[in-house]
Structures are given as C-alpha cells and as structure tokens.
Amino acid sequence: MEVEGSMNPVVSVKNLSVAYEDKLALEDITFELKEQAFLSIIGPNGSGKTTLLKALLGMVRPVTGIIRILGYEVPSERYEVRKQIGYVPQRERIDPTKPVLVKDVVLMGRIAKKGWSRRLTEKDHDVARRALEMVEMNDFWDEPYAHLSGGQQQRVLIARALATEPKLLLLDEPLSGVDAATQDVILNVLREEADRGVTVIMVTHDLNPLIEVSDYVMLLNRTIIAMGRSRDILNEYLLSRTFMRRVSVIMAGEKIVISGADHHA
Amino acid sequence: MLELLLHSSMLSPLVAVIVASIVSSIVGSFTVLRGLSTLSAAITHSSFAGASIAVICGANPLLGALAMSLGFSGITAYVSQGNERKADVIIGMIFGFSTALAVLFLSIARTYTATAWSFIVGDVLGVSLIDLCTLIIVATVTLCIVALLYDEFKFITFDIEAAEAMGLRTSLYHYLMVALIALFSVVAIKVVGIILAIVLLIAPAAAAYEFSHNLEKMLLLSILIALVSGVTGFILSIFFNVATSALIGIMTSTAYLLSLLASPKRRKCKEFIKFRRRVVKEL
C-alpha cells in the first residue's frame with residue numbers, strides 16, 4: 001500500500017513478518033510512506049502496533065521482509081536510522097519516581113545525537129528549551145519529572161523526541177491516559193511537525209481525536225486490514241473487521257464519530 | 001585510644017575507607033536506580049573467587065579479584081539483558097559457583113582461615129601501600145568512566161528503551177556499568193569484605209534516593225552519607241576495638257533505615273493514601 005507525498009519514501013516496508021518464538025505478531029506487512037505524512041496506526045490489543053514500531057527501529061528482527069527507512073536498511077543500518085528518529089515510548093513503561101528534572105529528560109534527546117562523551121552545548125540547551133515550549137511546558141524546565149501529572153509527563157516525553165530534531169517521529173500511544181487539553185496540545189504539535197516536513201507515525205487506541213489531524217490511517221490486526229485517507233477507510237465494515245466487534249461510525253456534519261472501538265488497542 | 005587513631009599507620013586505612021565510600025556512592029546510585037542489586041551481589045562474590053585463586057598463584061589478591069569480577073561481570077551483563085527469569089537463575093548460579101570456586105582454592109591454600117576471613121569481612125587495617133595504590137587507581141578509572149559517560153548513563157538509567165530507539169548503544173553502556181560494579185568490588189573486598197560490600201554499595205545510594213529529585217543531588221548526598229557512615233564506623237571501630245567492616249556496615253544500614261523514616265517521598269505517599277481514604281469515606 002502506498003501513500004503519496006512530495007518525495008522519495010521515508011518509510012518503505014515490504015512483506016514484513018515478525019514472530020515471537022513460534023507466534024506470528026505481524027504478517028506480510030507492506031506499505032510506503034513519503035515525507036510530510038502523518039500516519040496513525042490503530043488496532044486492538046495484541047494486533048502488533050508496538051511490534052511494527054519496534055521493527056521500524058530495528059529493535060525486533062523480522063522473520064521475512066525488507067524495511068528501508070530514510071534510505072537505510074533496517075536492522076543492518078539501524079544505528080544510522082535511529083540518529084534521525086524521535087521516539088516516544090509508552091509512558092507507563094517509565095518509572096516516574098526516578099530522580100530527574102524535566103530539563104534532564106528533554107536534554108536526553110540531544111545526548112542521543114552526540115558522539116561518545118561529547119558534552120552538551122548552549123545550542124543543545126536552546127533546542128531543548130524550544131522543544132519544551134512547543135508542548136507548552138517551558139515553565140517546568142527545572143521541575144522534578146516526578147512532580148508532574150501524567151499528561152505533563154507525556155508532553156515532556158514528546159518534547160524530548162522533538163529535541164532530537166527528527167526526520168521521522170514514532171510515537172507509541174501518546175494520547176493514552178491524558179486529558180482533552182493535553183490531547184489537543186499533542187495533536188497540534190504533531191500536525192505542525194508533519195506540516196514542516198517531518199514524517200509522523202503514531203500508534204493509538206483513541207480514534208476520534210486523530211481523524212482530524214492524520215493524513216492516513218492504518219487499520220492493523222496482525223496484518224494490514226486497510227490503509228488510506230481517514231475518511232476513506234474509517235467505515236463500519238473495516239473497523240469492525242479490525243476490532244473484531246461491532247463498531248459504529250456516525251457522520252456529524254464534517255466530523256466523524258466512532259463508537260465501540262475505544263477499547264484499549 | 002585517641003593516640004592510636006592519630007597514629008600515622010591509620011592514614012592508609014582511613015584513605016581506603018574514603019576511597020571506597022566515594023566509589024560505592026557513585027556506582028551504587030546507578031545500581032539502585034537500574035535495579036541491579038542482585039547482579040552486583042553476584043559480581044562481588046566472584047571477586048572473592050578471583051582473590052582466592054591469586055592467593056594460590058602467589059599474585060596480588062586484588063588483581064585476581066579484578067580479573068575474575070570483570071570476567072563474571074561480562075557474563076552477568078550478557079544474561080541480564082535477555083529473559084528476566086533466565087537471568088535471575090543464571091545470576092544465582094554465578095553466585096554459588098564463584099563462592100564454591102573461592103572455597104575450593106582457599107581449601108587448597110594453607111593460609112585458609114586468615115586469608116578467607118580477610119576476604120569475607122575485609123581487612124582495612126591491613127591495607128598496604130600497594131593495596132592503597134591499587135584502590136586509588138581503580139577508583140580513578142571508575143570516576144573517569146562515569147565523568148565521561150555521565151549523560152549516557154543518565155539516559156539509559158531513566159529510559160533504556162528510548163535510549164536504544166534514539167541511537168545509543170545501550171548494550172555497550174550496560175556492560176560498562178556492570179564493569180563498574182566489578183571495579184567497585186575490588187575496592188570493597190579489602191575495606192569491608194565481600195559480604196558487606198553490597199551494603200556499602202546499596203545503602204548510601206538508596207538512602208540518598210529518598211531525598212533526591214535529581215541525579216546530581218542523589219550522587220552528592222550518597223557520597224556524604226557514605227563518607228559520614230564510613231569514617232564514623234572506622235573511628236568507632238578503633239575506639240571500641242571491634243571489626244571495622246561490621247561498624248561500617250551497621251552505620252550505612254542505619255543511615256538507610258533513618259532515611260526511610262524521614263523520607264519526604266514516603267511521607268507524601270502516606271499523606272496521599274490518608275487523603276484518598278478520607279475522600280472514599282466521605283463519599
């Protein structure tokens with residue numbers, strides 16, 4: 001499946017299959033994504049969404065298939081690729097009680113781009129401050145990360161990914177457990193990044209907020225059920241096939257409201 | 001007794017205690033935050049085996065401890081990256097195997113009792129000039145590695161998954177961090193012995209954690225707690241003429257227990273639990 005864009009594909013995946021021991025987590029995944037695109041991947045629990053992100057990062061080895069990102073082959077050239085990626089993991093996987101300040105977390109995005117033992121410069125601090133400003137958290141620079149609410153912590157993790165000045169942003173459930181205001185901030189920032197030329201791939205379970213901002217949606221349940229423009233594929237038939245339960249799609253003027261699929265995906 | 005404490009022969013042991021306290025605080029902070037306490041106990045036990053083999057070969061026991069603990073740290077670092085259950089079993093096996101090796105070699109050596117006892121509970125008053133130089137070199141190497149890779153260590157300690165995804169070679173940093181534990185075990189074996197090394201490594205860092213919201217503060221506080229506990233334990237052991245390692249162990253453990261009682265983090269948690277109970281009752 002291919003989605004149009006202005007230039008060469010940023011992400012190209014052909015016949016990708018990934019297995020954990022003897023169980024297939026992803027089967028025959030093929031898609032291309034070009035620059036300046038915002039793709040949301042949705043699907044039920046265990047559908048392989050996080051595995052797909054990890055395969056793109058070269059963190060899991062495919063059984064079959066070819067992955068090329070920004071012209072590099074993954075996993076063999078994964079370190080070159082990773083230098084150009086901003087990644088936001090699931091917030092729940094991080095122990096929030098670890099003693100770090102917000103600025104430490106955001107500056108980690110700069111550390112990843114540096115060579116061995118090179119110190120952070122004033123420029124790195126400026127980039128980190130700007131990234132924090134983009135998620136409206138600039139007043140929290142010197143605050144302990146542990147003192148923030150879940151939504152604020154999520155914004156800081158996104159700022160860290162932005163501080164890498166990435167060509168490709170990968171986000172694993174960035175909208176999970178955050179309030180509506182934080183969702184708006186996150187989605188606006190991601191949309192702005194996509195408009196600036198960054199390719200954004202977001203895994204999410206919350207369909208409704210992403211309809212407006214995503215260029216493309218991938219419906220995933222171990223294999224790609226459908227991929228295309230949100231309005232073309234978010235219909236009851238394809239969503240019900242993806243979530244293996246009845247899903248209702250209600251058209252409300254320009255808006256689409258989906259119910260029955262907001263089960264954690 | 002005061003004269004004994006001020007005697008020039010006490011200088012080397014006191015410097016050894018200070019060096020061990022500083023190294024333990026820095027390595028211990030990363031160990032505590034990354035949950036590597038069990039792994040570090042296995043590594044310190046492997047240094048016991050190395051020291052015992054060196055005794056048989058007539059080499060410096062500290063160099064034997066260094067070689068063996070670095071070797072075992074490589075194995076434990078490798079297994080601790082994979083399946084957690086498997087890693088737990090293998091670390092447990094290394095624990096037992098290295099201790100068995102140590103006992104075997106010490107039983108072959110004629111100096112069994114005195115040497116074994118000095119490895120197990122330390123012999124800080126018997127620190128020679130060569131020992132002290134070895135400790136200082138090992139400590140300097142440790143501090144240089146941490147200073148050079150501090151930012152990278154901080155990143156993998158906070159979020160190893162993102163560090164890997166964003167391009168850090170996390171395996172390499174993990175191996176280095178585990179190697180630092182091996183270096184610490186060499187410093188600790190002479191000062192407090194293999195049994196109490198784990199207390200010196202964990203307790204000051206764990207106590208500092210209770211009062212810290214950033215890593216730099218945790219490191220400084222940990223050094224302060226380790227120095228106060230270590231030097232106080234050393235002085236008291238001279239006054240009361242008892243084993244130095246025992247008093248250092250008791251002092252650092254007490255510091256940790258006191259930190260739990262005074263911890264602002266835990267107080268906050270308790271207040272929150274009380275508040276929630278009150279809200280639930282009111283509802």
Side-chain angles (χ1 to χ4, degrees), chain A residues 21 50 53-54 56-59 78-91 93-105 107-120 124 142-148 153 156-157 160-161 163-164 166 168-172, chain B residues 28-35 81-83 86 143-173 176 205-222 259 263-266 268-269 272:
Chain A
E21 293 178 0
T50 298
L53 288 191
K54 292 202 166 172
L56 297 181
L57 286 160
M59 290 165 83
R78 60 189 180 279
Y79 287 109
E80 284 78 5
V81 169
R82 288 174 187 175
K83 295 275 178 202
Q84 305 187 53
I85 288 180
Y87 175 65
V88 180
Q90 288 182 22
R91 180 168 43 90
R93 292 188 188 178
I94 299 172
D95 175 3
T97 65
K98 285 189 177 163
V100 285
L101 301 178
V102 167
K103 65 179 173 190
D104 295 328
V105 178
L107 282 167
M108 284 170 192
R110 302 302 300 166
I111 293 164
K113 305 296 147 197
K114 303 222 143 260
W116 264 61
S117 75
R118 296 234 318 263
R119 297 295 98 196
L120 294 171
D124 293 315
D142 281 315
E143 280 292 308
Y145 180 79
H147 286 181
L148 305 183
Q153 287 175 351
V156 172
L157 296 179
R160 179 179 68 180
T164 62
L168 173 64
L169 254 177
L170 301 177
L171 305 99
D172 198 350
Chain B
S29 294
F30 291 108
T31 305
V32 166
L33 291 174
R34 291 203 58 217
Q81 283 189 302
N83 179 318
K86 196 172 145 199
L143 297 183
C144 286
I145 293 173
V146 174
L148 281 172
L149 303 174
Y150 180 72
D151 288 333
E152 288 82 355
F153 281 173
K154 190 196 273 186
F155 196 173
I156 73 159
T157 300
F158 177 70
D159 184 0
I160 194 163
E161 183 188 330
E164 188 183 352
M166 291 204 265
L168 285 192
R169 292 177 190 253
T170 51
S171 298
L172 179 69
Y173 294 115
L176 275 170
Y209 166 80
E210 297 296 334
F211 299 91
S212 311
H213 285 298
N214 69 67
L215 187 56
E216 292 73 25
K217 188 179 169 189
M218 181 172 165
L219 287 168
L220 288 175
L221 205 53
S222 176
S259 78
S263 166
K265 286 185 184 176
R266 281 168 207 277
K268 215 170 178 182
C269 186
F272 177 68

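In what follows, every chain begins at residue 1, and chains take the letters A, B, ... in the order their sequences are listed.
Within the model, atoms CD1 of A:I111 and CD1 of B:I156 stand 11.5 Å from one another, a figure rounded to the nearest 0.5 Å. Annotation: the span from A:R119 atom CZ to B:L148 atom CG amounts to 7.0 Å, rounded to 0.5 Å. If you take CZ on A:R160 and CG on A:D104, they are separated by 11.5 Å, rounding to the nearest 0.5 Å.
Remark: aromatic rings of B:Y173 and B:F155 are distant, center separation not under 6.0 Å.
The choice from A:L120, A:L170, A:V100, A:V105 that makes the most heavy-atom pairs within less than 4.5 Å of chain B is A:V100. Options A:L157, A:L56, A:T97 differ in how many heavy-atom pairs under 4.5 Å they form with chain B, and the most are formed by A:T97. For the set A:M59, A:K54, A:K83, the count of heavy-atom pairs under 4.5 angstrom toward chain B peaks at A:M59. Note: B:A165 leads B:A162, B:S29, B:A165, B:A163 in heavy-atom pairs under 4.5 Å with chain A. Ranking B:M218, B:K154, B:K217 against chain A, the residue ahead of the rest is B:K154, based on heavy-atom pairs under 4.5 Å. Of the listed residues B:T157, B:D159, B:L215, B:L33, the one with more heavy-atom pairs under 4.5 angstrom with chain A than any other is B:D159.
Contact of A:R93 with chain B is made through the side chain alone, with heavy-atom distances under 4.5 Å. Heavy atoms closer than 4.5 Å to chain B are found in both the backbone and the side chain of A:L101.
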Evaluate salt bridge (Lys or Arg N to Asp or Glu O under 4.0 Å) for B:E164 paired with A:R78, printing each intermediate quantity in order.
CA-CA 10 Å; B:E164 188 183 352; A:R78 60 189 180 279; 5.8 Å; no

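Side chain of A:R82 to main chain of A:G58: a donor-acceptor pair is present (N/O by atom type, distance under 3.5 Å, no hydrogens or angles).
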